[in-house]
Each structure stands twice: as structure tokens, then as C-alpha cells.
2 protein chains.
Amino acid sequence: MPANLRSTDLPTLQDVAEAAKVSTATVSRCLNNPEQVTARTKKRVMDAVSRLGYSPNFGARALAARRTNTFGAIIPTMDNAIFARGLQAFQKALETEHATMIVASSSYDPDIELDQIRNLVARGADGLFLIGNDHDPEIYEFLSRRNIPTVLAWTISSDPELASVGFNNLEASRTLALEALNLGHQRIGFISAHTAHNDRARDRVRGARKAMEELGLDPEALRLEETNYSIDCGFEAFNRLMAADKEITLVMCGNDVLAVGALQAARHAGIRIPEDVSVTGFDDIELARVVTPALTTVHVPHRQMGRLAAQLLLEERKGETSSRHIVLDTNVVLRESLAPPKFRDKR
Amino acid sequence: MPANLRSTDLPTLQDVAEAAKVSTATVSRCLNNPEQVTARTKKRVMDAVSRLGYSPNFGARALAARRTNTFGAIIPTMDNAIFARGLQAFQKALETEHATMIVASSSYDPDIELDQIRNLVARGADGLFLIGNDHDPEIYEFLSRRNIPTVLAWTISSDPELASVGFNNLEASRTLALEALNLGHQRIGFISAHTAHNDRARDRVRGARKAMEELGLDPEALRLEETNYSIDCGFEAFNRLMAADKEITLVMCGNDVLAVGALQAARHAGIRIPEDVSVTGFDDIELARVVTPALTTVHVPHRQMGRLAAQLLLEERKGETSSRHIVLDTNVVLRESLAPPKFRDKR
DNA sequence: ATTATTAATGTAAGCGCTTACAGTAATCCA
DNA sequence: TGGATTACTGTAAGCGCTTACATTAATAAT
């Protein structure tokens with residue numbers, strides 16, 4: 001170990017350069033543009049690199065190069081698995097170009113989201129992966145002022161400037177609702193995540209209403225319960241729904257987590273699913289097929305979204321401008337929790 | 001916007017200093033040691049900061065200050081929820097000191113883990129949060145050479161040098177096994193995650209064997225199936241187990257995810273749980289109580305581990321040396337999937 | 001062999017911040 | 001009121017890298 005190296009300090013490019021008897025520029029080139037360097041000197045340098053256990057200082061590199069090969073992802077929550085698969089795919093796609101991902105979560109809070117975006121940008125994110133359409137105007141301003149490549153996922157961007165890869169939440173929800181309504185359900189409840197800063201949640205509710213309207217039901221008759229994102233909240237919301245109107249025969253849920261909560265609540269209350277009440281979810285996370293009864297839900301292309309988002313971002317960096325708004329298909333997955341309503345004697 | 005500022009460039013400390021008509025040093029102090037600055041100039045500076053939308057460049061700051069207030073967490077997988085709660089608690093505890101977390105996942109691969117550690121350290125992590133005890137020797141060497149505060153979670157460190165906060169996997173598994181064996185089970189299968197680079201998985205198997213031994217059963221008679229980490233793998237492992245020995249009455253699983261797969265496989269095969277076969281899990285993730293039948297499992301203090309790990313790391317940074325090895329309790333959660341074996345006619 | 005090209009390497013100027021040190025203004029005490 | 005403290009603020013030297021440009025070595029062309 002060189003004498004000028006305290007044991008707690010990492011070796012620097014400088015150290016490598018001295019050890020290999022070349023300039024720092026050459027070492028840098030070996031690492032970043034190896035084709036510009038003779039095989040012989042390259043070997044000398046690489047030997048020194050591994051001998052010293054050198055690894056470039058990220059901050060210094062970002063500072064000098066003004067890019068980081070890092071992309072930031074901000075998801076509303078890490079708590080459940082909805083975004084996990086998408087992120088995994090995003091990361092994997094980045095890896096093919098040796099780019100890396102950093103994740104942050106906003107806890108569904110617009111202020112935190114802005115903070116996190118600032119943070120990731122300060123950390124040098126070359127681009128950003130965001131969920132949904134509904135963001136603080138300040139965020140949009142920030143991103144466009146800084147000219148930061150961004151792609152919105154899980155939605156279709158309403159801003160032509162911002163790339164997106166997602167699906168039509170409204171249509172998907174409408175399709176599922178039509179499927180259910182055609183079975184004969186008339187009294188319908190909907191358990192949704194809070195719709196305030198959440199376009200996806202809103203669209204899913206709207207889709208259900210639209211389906212009702214098309215089939216001649218009053219969309220305003222939909223009983224809506226908004227709640228937080230957890231199984232327990234779904235549990236309670238289901239109970240509130242049934243307490244408010246015991247003749248509901250179909251409870252649609254804005255996502256699978258809430259639906260699982262609803263299933264639990266039903267069992268707890270001795271309500272049979274789907275004999276007494278049908279329940280549907282949305283997302284098709286692993287949970288949906290594992291639960292009893294298995295959940296009828298909307299399958300969402302998590303992985304594809306993650307992968308394509310990474311591609312868009314990487315292309316944008318290369319200056320390629322490809323299709324900026326990718327709309328993917330969803331499909332209804334019929335499982336056990338949805339059935340025709342049983343004729344029930346009105347009290 | 002100052003003329004020297006291209007629209008795509010972030011404002012710098014310099015810009016703020018000019019706008020506030022002070023030196024860069026003063027701006028820096030306002031941000032980092034506000035008590036050293038007069039209220040009047042502080043206000044001038046802060047106004048300029050918000051007017052310009054300034055946010056410090058992370059890389060430059062890390063480079064100059066030689067610390068980042070950032071801690072890295074490396075987990076084996078993001079795919080399921082086992083580590084999510086722990087991480088969330090870790091992050092939350094860091095926030096109280098305005099520190100932040102960056103996450104990476106190793107996919108249970110020691111090589112990737114080393115890469116990720118290098119990466120996080122290059123990114124300036126002031127400390128590291130790792131899962132388990134089983135790491136590449138190179139990792140230990142790297143960490144001690146660099147003097148990087150590290151805490152191992154989900155385990156009890158076998159290296160007195162490295163702090164840890166976890167629980168005794170062997171004892172926890174043994175306790176659960178005793179509970180089950182005392183019900184009368186004799187033929188036992190165990191579905192485990194791969195034990196190769198995974199001390200937790202190994203200890204859980206050993207715990208079961210130990211319990212068998214204590215009760216006079218041959219520990220070698222335990223039928224072990226190792227597999228990957230997923231519901232589907234648990235499904236297949238269960239089938240293999242039952243194909244190999246149809247008189248098994250208890251299938252212990254190294255974690256809840258595998259156990260849920262086992263439950264599915266049983267239902268699929270028409271095996272009733274717990275009447276025909278009992279199944280146990282480990283971890284007590286949300287899934288465990290939601291599944292039918294609800295899973296008997298070992299409750300693990302995810303949140304506490306995350307929180308305490310953050311505390312240890314923060315203390316270490318302040319130079320406080322507190323208890324370096326925290327051992328937490330686990331407890332068996334009895335639910336529906338475990339019952340006494342039914343007397344079965346030996347065909 | 002000599003010159004024109006091209007390829008490989010070196011030199012040095014920053015990137016945006018923090019902080020030791022120096023300098024200046026404000027406050028204290030006799 | 002003058003000198004000694006003390007409290008702020010400024011100056012400037014890096015932190016560890018990348019990269020435009022200059023220089024030197026290798027190769028091609030005449």
C-alpha cells in the first residue's frame with residue numbers, strides 16, 4: 001500500500017496512475033474509453049487498478065463528467081409489491097447499458113415527491129422514472145427547466161412533452177366493470193385508494209362509473225369508499241360499505257391489496273365470496289392468485305412498463321426520439337371471486 | 001435567471017453567493033452551520049436560494065466534505081416483502097438525523113453483492129446495512145480496510161468486529177419445530193431457500209434438525225428440498241416432497257413465501273391443510289395471515305431491526321460505541337396451518 | 001529517408017462544493 | 001476611550017475525477 005494512503009482512504013485515480021506509471025488521463029481513458037488505449041498500457045493500468053482495489057469516486061466522476069449513468073425512480077410506496085416487479089425490470093434493462101437505478105419513495109405525498117426528485121437530481125440522475133400523471137406543477141416546472149429526461153409509467157401522459165409508458169386505467173377498469181355488470185350486478189360498491197393526488201385511482205373509479213352508465217345504471221349510485229393503501233384499510237372499508245348498504249352484491253377495489261382486505265373482512269363477517277358478494281381487484285400482483293378465493297382482477301404489464309421506460313430513457317439520452325407514448329394492453333383475469341349475484345330475498 | 005446560467009444547468013453555490021452578495025463560504029455555512037451566520041445575512045442568502053431554486057450538488061458536496069450523510073442498504077431481493085418493512089424502518093430512523101438511504105439488491109449473488117457494495121461506497125455511503133452473516137471474504141476485507149461502519153441484520157454476527165442486530169434463526173426455528181413435533185409429527189419435510197450463501201436458511205434447517213434430535217428422532221430423516229425464492233418454487237418443492245414420501249405429515253418451510261407455494265400445491269393436489277399435512281412458514285410477512293389456511297410461522301421483528309440498525313450506524317458515526325450486537329426475540333405465531341397429525345392407516 | 005497522417009499519451013483546467021486560515025467588524029473590559 | 005476578545009465573513013486551496021488541447025510516438029505515403 002502506498003505510503004501516502006491512510007488505511008481508511010480509498011485509493012484514487014492518482015494512485016493508480018503512479019502505480020502504473022502513466023498519467024491520470026490515461027487511467028481515466030482505460031476506465032471509460034478503453035479503445036483509445038494500447039493493449040499494453042491498458043494491462044499495466046488494469047493490473048494497478050486491481051492491485052490497489054481501486055474504484056472510482058462517484059461524486060468526483062459525476063462532477064467532472066456532468067453525467068452519472070444513473071437513473072432515478074420514484075415510486076409512491078415500497079410497502080407492497082405493486083411496483084417491485086416494474087422496478088426490477090427497469091433496473092435490469094438499465095444494466096444492459098451499464099446504467100444503474102436509484103430508488104426513492106414518496107409515500108403518496110406530493111411534497112415528499114418534490115423533495116425526492118430534487119434529491120435524485122442533485123445526486124446526478126440522468127433521467128427520472130415517475131409513476132402516474134398527477135404531479136405537483138412545481139415538479140413539471142422543475143423538470144422542464146432542468147431539461148431532465150423523464151418518463152411517466154402506469155399511465156398515459158396527458159402532457160405531450162413528457163414520455164410515458166402505461167395503460168389506460170379508465171378503460172381497463174371499465175372493461176372489468178362491464179364484465180361484472182353483465183353478470184347481473186346492480187348494487188355496487190367501490191373501494192379506492194385516495195384519489196386526491198392519484199390519477200390512476202381516479203381513472204379506475206371513473207371507468208367503473210362509465211360502465212354503469214353504459215348499461216343504464218346511475219353512475220352516482222356507486223358507493224365509493226376511499227382509504228389508505230393497506231390490507232387492513234381494505235378490511236375496514238369493506239365493513240363500512242356493507243354497513244351502509246347490505247344489498248351490495250359487487251365490491252370492486254382499486255387495487256389487489258384493498259381487495260384482499262375486503263376478502264378478509266367478508267370471511268370475518270361470514271359473508272361468502274362470491275356467493276353472497278363478488279369482489280374484484282386491480283393490478284394482478286402475486287397475492288391475487290394466492291388468496292382464497294382467488295381474485296378476479298386486471299392484469300397490468302408491470303415488467304413491460306419497467307423495461308420500456310428504461311429503453312425510452314436510454315434512447316432519449318442518445319438523442320434518439322422514438323415513440324414517446326407507449327400504451328400497453330391490460331386484460332381481465334377471471335378467477336374465483338367474481339360470480340353472478342345470487343337472487344336474494346329483499347329482507 | 002442569471003445570464004451565465006443555461007436553462008439546463010442547475011444554479012450553483014456561486015450563483016447564490018453572487019445573488020446574495022456574499023462569499024461562497026457564507027452560503028455554504030448558511031446551509032450547513034446556520035448558527036455561524038448572522039440572521040440578517042442568513043435571510044439574504046436563503047432568499048437567494050429559494051429564488052434561484054438552488055439545491056446543492058451532491059457529488060461536489062461529497063467530494064469536498066468527504067462524507068455524504070447517506071447510508072447504503074443491500075438486500076438479497078426486492079421481489080417480495082420480507083425486507084421491505086425493515087428497510088422502511090431503517091429509512092425512517094435515518095430521517096430523524098436527516099440522513100438518507102440508498103438501496104441495492106444483490107439477487108442472492110455474492111459477486112453482485114460485492115459489486116453493489118463497491119458501488120455504494122463509491123457513491124459515498126457513510127455506512128452499510130447488510131443482511132445476514134454469510135458474505136464473501138473479500139467483502140469483509142474491503143469493509144475493514146476502508147473502515148466502513150457496517151451492521152449486519154437478520155442474524156447474529158459471528159464476527160465481533162461487525163455490529164449486528166438480529167435474532168437467532170436456529171433457536172427460532174428450533175422452537176417452532178418443537179412446537180410442531182410435540183403435536184406428534186414424525187415424518188417431516190423441509191423446504192428451504194438455497195443454503196449455499198445463506199446462513200439464515202442454513203440455521204433454520206439446523207434448528208429443525210436439532211429439535212428432532214432432542215425429541216429422539218433421527219435428524220437425518222428430515223427430508224430437505226432446497227429451491228429458489230418464489231411461490232412457484234415452493235409449489236414444486238412441495239410436490240417433490242410428497243412424491244418422495246407420501247407419509248410426511250409436516251412440511252416446514254424456511255420462509256413464508258415458500259410456505260404459501262406449499263399451500264397452493266397442497267390444495268392443487270387435494271391434500272387438506274392442516275388435516276392431512278401441516279405446513280409452517282417463517283418471517284410472518286403480511287401474506288402469512290391472509291392466506292387460507294392462515295400460516296403458522298415465526299414472527300420476526302423486521303421493523304425493530306431496521307430501526308436499530310440505523311441507530312447503531314448513526315451512533316458509530318458519532319463515535320459512540322454502544323452495544324454492538326443486539327439480539328431480538330422472535331415468537332411463534334400459531335395459526336391454522338399447523339395441527340396434530342391425523343392417524344393415517346399405513347395404506 | 002522524409003514528410004504527412006494518425007494514434008497514443010500527457011498537461012492542466014476546471015466541475016461545485018467545504019473548510020482552514022486570514023481578515024474585518026462588533027463587543028467587551030478597565 | 002483604547003486594546004483585547006469575540007463573532008462574522010472572505011480568501012483560496014483542494015476533494016478526485018474528465019476532457020480539450022498539446023505533445024510525442026507510430027505508421028503511412030511519397
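Lettering follows sequence order; numbering is per chain, from 1.
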Asks: Do side-chain atoms of B:Q14 reach the backbone of B:T24 as a donor and acceptor pair under 3.5 angstrom?
Replies: no
Asks: Give a yes/no on whether any side-chain N or O of A:R61 is located under 4.0 angstrom from OP1 or OP2 of D:dT18.
Replies: yes
Asks: Calculate the interatomic distance between B:K21 atom NZ and D:dT9 atom P; express it in whole Å.
Replies: 16 Å
Asks: Quick check on DNA chain D: between B:K42 and B:L63, whose nearest nucleotide comes earlier from the 5' end?
Replies: B:K42
Asks: Is the shortest side-chain N/O distance from A:N32 to OP1 or OP2 of D:dT18 below 4.0 Å?
Replies: yes
Asks: Which part of the nucleic acid, if any, lies within contact of A:T26, taking any heavy atom under 4.0 Å across all strands shown: a base, the sugar-phosphate backbone alone, or nothing?
Replies: sugar-phosphate
Asks: The side chain of A:R67 lies closest to which of these nucleotides: C:dT9, D:dG14, D:dT19?
Replies: D:dT19
Asks: Where the side chain of B:H197 meets the backbone of B:H194, is there a donor-acceptor pair that is under 3.5 Å apart?
Replies: no
Asks: Just the rounded figure in Å: distance from C1' of C:dA8 to CZ of A:R44.
Replies: 12 Å
Asks: Round to the nearest Å and state the distance from B:Q14 atom CD to C:dC17 atom C1'.
Replies: 11 Å
Asks: Classify B:A65 by what it touches in the nucleic acid, base, sugar-phosphate, or nothing, heavy-atom distance under 4.0 Å.
Replies: sugar-phosphate
Asks: What's the CG-P distance between A:L10 and D:dC17, to the nearest Å?
Replies: 9 Å
Asks: NA contact type, A:T38, heavy-atom cut-off 4.0 Å: base, sugar-phosphate, or nothing?
Replies: sugar-phosphate
Asks: Distance check: side-chain N/O of B:R66 vs OP1/OP2 of D:dG16, anything under 4.0 Å?
Replies: yes
Asks: How long is the line joining CZ of B:F58 and P of C:dC15, in whole Å?
Replies: 21 Å
Asks: Which heavy atom of B:L128 sits nearest a heavy atom of B:L143, and at what distance?
Replies: CD2-CD2, 3.6 Å
Asks: When we call it a touch if two heavy atoms are under 4.0 Å apart, what does A:Y54 touch: a base, just sugar-phosphate, or nothing?
Replies: sugar-phosphate
Asks: Locate the shortest heavy-atom distance separating B:V151 from B:V165; write the atom from each residue and the value.
Replies: CG2-CG1, 3.7 Å
Asks: Please determine, for the side chain of A:N57, which listed nucleotide (D:dC17, D:dG14, C:dA20) has the closest atom?
Replies: D:dC17
Asks: Between B:W154 and B:H302, which heavy-atom pair has the shortest distance, and what is it?
Replies: CZ2-ND1, 3.5 Å
Asks: When the nearest nucleotide of DNA chain C is assigned to B:N33 and to B:A60 on a heavy-atom basis, which residue is associated with the more 5' position?
Replies: B:A60
Asks: Starting at atom CD of A:Q36, determine the distance to atom P of C:dT9, rounded to an integer number of angstrom.
Replies: 10 Å
Asks: Could you check how far CZ of B:R29 sits from P of D:dT11, rounded to whole Å?
Replies: 11 Å
Asks: How many Å lie between CD on A:E18 and P on D:dC17, as a whole number?
Replies: 12 Å
Asks: Compare every heavy atom of A:D159 with every heavy atom of A:H325, then report the nearest pair and how far apart it is.
Replies: CE1-O, 3.6 Å
Asks: Below 4.0 angstrom from OP1 or OP2 of C:dG16, is there any side-chain N or O of B:T12?
Replies: no
Asks: Can you tell me if A:T24 touches the phosphate of C:dG10, counting only side-chain N or O atoms and a distance under 4.0 Å to OP1 or OP2?
Replies: no
